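Okay, so here's the structure we're looking at.
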Amino acid sequence: MSRVAYVNGRYVPHRAARVHVEDRGYQFADAVYEVIAVADGRFLDEDPHLDRLDRSLKELRIGWPIARAALKQVLRETVRRNRVRNGLVYFQVSRGVARRDYGFPKDARPSLVVTARSAAPPSPDPGPGVAVITVPDIRWKRVDIKTTGLLGGALGKQKAREQGAYEAWQVDDDGRVTEGTSSNAWIVTAKDELVTRPIGHEILAGITRQTVKKVAADLQLAVVERPFTVAEAQAAREAFMTSATSYVTPIVSIDGKTVGDGKPGDIARRLRAEYLRAVAAATPFV
Ligand code: PMP
């Protein structure tokens, strides 16, 4: 089955989907994006993702390419045309096409690209857990804006893969973990407190992070928002990561040091199962 992409008002074969060479997304990473998981035909946490898109666009003073309700229809149509029942929908808005110049163009129209692809349905069983490595956080100072400028994260993820790890946790100049390259970072202390870095300019406000906070409250688990060091994480009872496409994924080693007993922790397992249940229950069928 051939894939279809949406590009500025048209559904086109994926292999023929194009934007102009002077699109500012291509030249300056002057673009923002979102990824929403699709599970059993449902869009998980769609509205919070669209709210975050709105915030990213406002921070960069890019207009909405089409109205929010129209975008929702395009997301559904792209998912439908690609026959995605489980997987993800990716959408990106750039400032548009203009003669290359750093300052904002006066009359560019924002470009919108949407793609969708299938993936395995989410399983409450987390499997054996994953390894992470740590890398210095070399990204710019506004990673709270979800831009397509992802080279810092791409270099970190590549290093992780080369070392047989799944994710890289990025570390600030004070030795404290900011977040993964494409996920938020969490630990569980000996007192069974969940610890994750507070929202600020140094991390992306993950939608999964936000939903997991609510799920934790429902399970009567305490969440403490404060930075933590790599050493604290290595000595923690549990560690895990959250993102729209990995849900809650337990971490069993950090820079080669085993976390806990080297198996997914009970709290991460419970959070994953409960997150998937809660998010599906809260999301009507599309
Ligand atoms: N941090 C970064 C840097 C990310 O790229 C992502 C995934 N987009 C996340 C955190 C997790 O965010 P979400 O839960 O909204 O997918």
Side-chain angles (χ1 to χ4, degrees), residues 29 31-39 42-57 59 75 87-93 115-117 119 122 130 132-160 166-172 176-187 194-216 223 225 227-228 239-251 268 271-272 274-276 278-280 282-283:
V32 299
Y33 75 105
E34 283 294 329
V35 177
I36 300 179
V38 181
R42 300 161 195 254
F43 284 31
L44 304 188
D45 276 337
E46 180 182 26
D47 278 309
H49 281 282
L50 292 176
D51 292 346
R52 186 172 65 188
L53 178 72
D54 184 55
R55 177 181 183 275
S56 294
L57 289 170
E59 288 291 330
L75 298 181
L88 60 88
V89 60
Y90 172 93
F91 46 115
Q92 172 177 327
V93 180
T115 58
R117 70 167 191 243
V130 299
V132 302
I133 61 163
T134 63
V135 295
D137 194 335
I138 60 168
R139 301 172 302 166
W140 79 318
K141 292 178 179 155
R142 287 304 308 275
V143 299
D144 57 307
I145 310 170
K146 196 166 171 60
T147 77
T148 59
L150 295 171
L151 198 46
L155 291 174
K157 188 82 92 187
Q158 179 60 19
K159 190 165 182 204
Y166 183 75
E167 176 62 300
W169 274 5
Q170 301 167 109
V171 180
D172 69 16
R176 301 173 315 178
V177 174
T178 52
E179 62 181 338
T181 63
S182 59
S183 57
N184 289 110
W186 300 70
I187 59 172
L194 310 186
V195 182
T196 194
R197 190 167 178 124
I199 294 306
H201 287 178
E202 323 74 39
I203 67 166
L204 183 73
I207 303 305
T208 320
R209 175 191 179 283
Q210 184 181 311
T211 304
V212 164
K213 267 178 61 182
K214 289 187 202 137
V215 167
V223 176
E225 293 181 79
F228 56 84
F240 63 91
M241 52 185 261
T242 56
S243 76
T245 50
S246 72
Y247 322 112
V248 175
T249 295
I251 291 167
L271 283 172
R272 180 184 174 95
E274 190 55 24
Y275 167 78
L276 287 172
V279 87
T283 311

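Since the structure is predicted, the reported quantities are computational estimates derived from the model, not experimental observations. Numbering of ligands and ligand atoms starts at 1, following listing order.
Note on ring orientation: taking the six-membered ring where Trp is involved, the planes of Tyr247 and Tyr275 are tilted (angle from 30° to 60°).
Near ligand 1, Tyr33, His49, Arg52, Arg139, Lys146, Glu179, Gly180, Thr181, Ser182, Ser183, Asn184, Leu204, Gly206, Ile207, Thr208, Thr242, Ser243, Ala244 each place a heavy atom less than 4.0 angstrom from the ligand.
Between Arg209 and Glu179, none of the side-chain N atoms (NZ, or NE/NH1/NH2) sits under 4.0 Å from a carboxylate O, so this pair counts as no salt bridge. Ion pairing between Glu34 and Lys146 fails under the 4.0 Å rule for side-chain N and carboxylate O.
Other residues, nucleotides and ligands place more than 12 heavy atoms under 6.0 Å from the CZ atom of Arg142.
A heavy-atom distance below 4.5 Å is found between the side chains of Trp140 and Thr147. Counting heavy atoms from C-beta on, the side chains of Val248 and Thr242 come closer than 4.5 Å.
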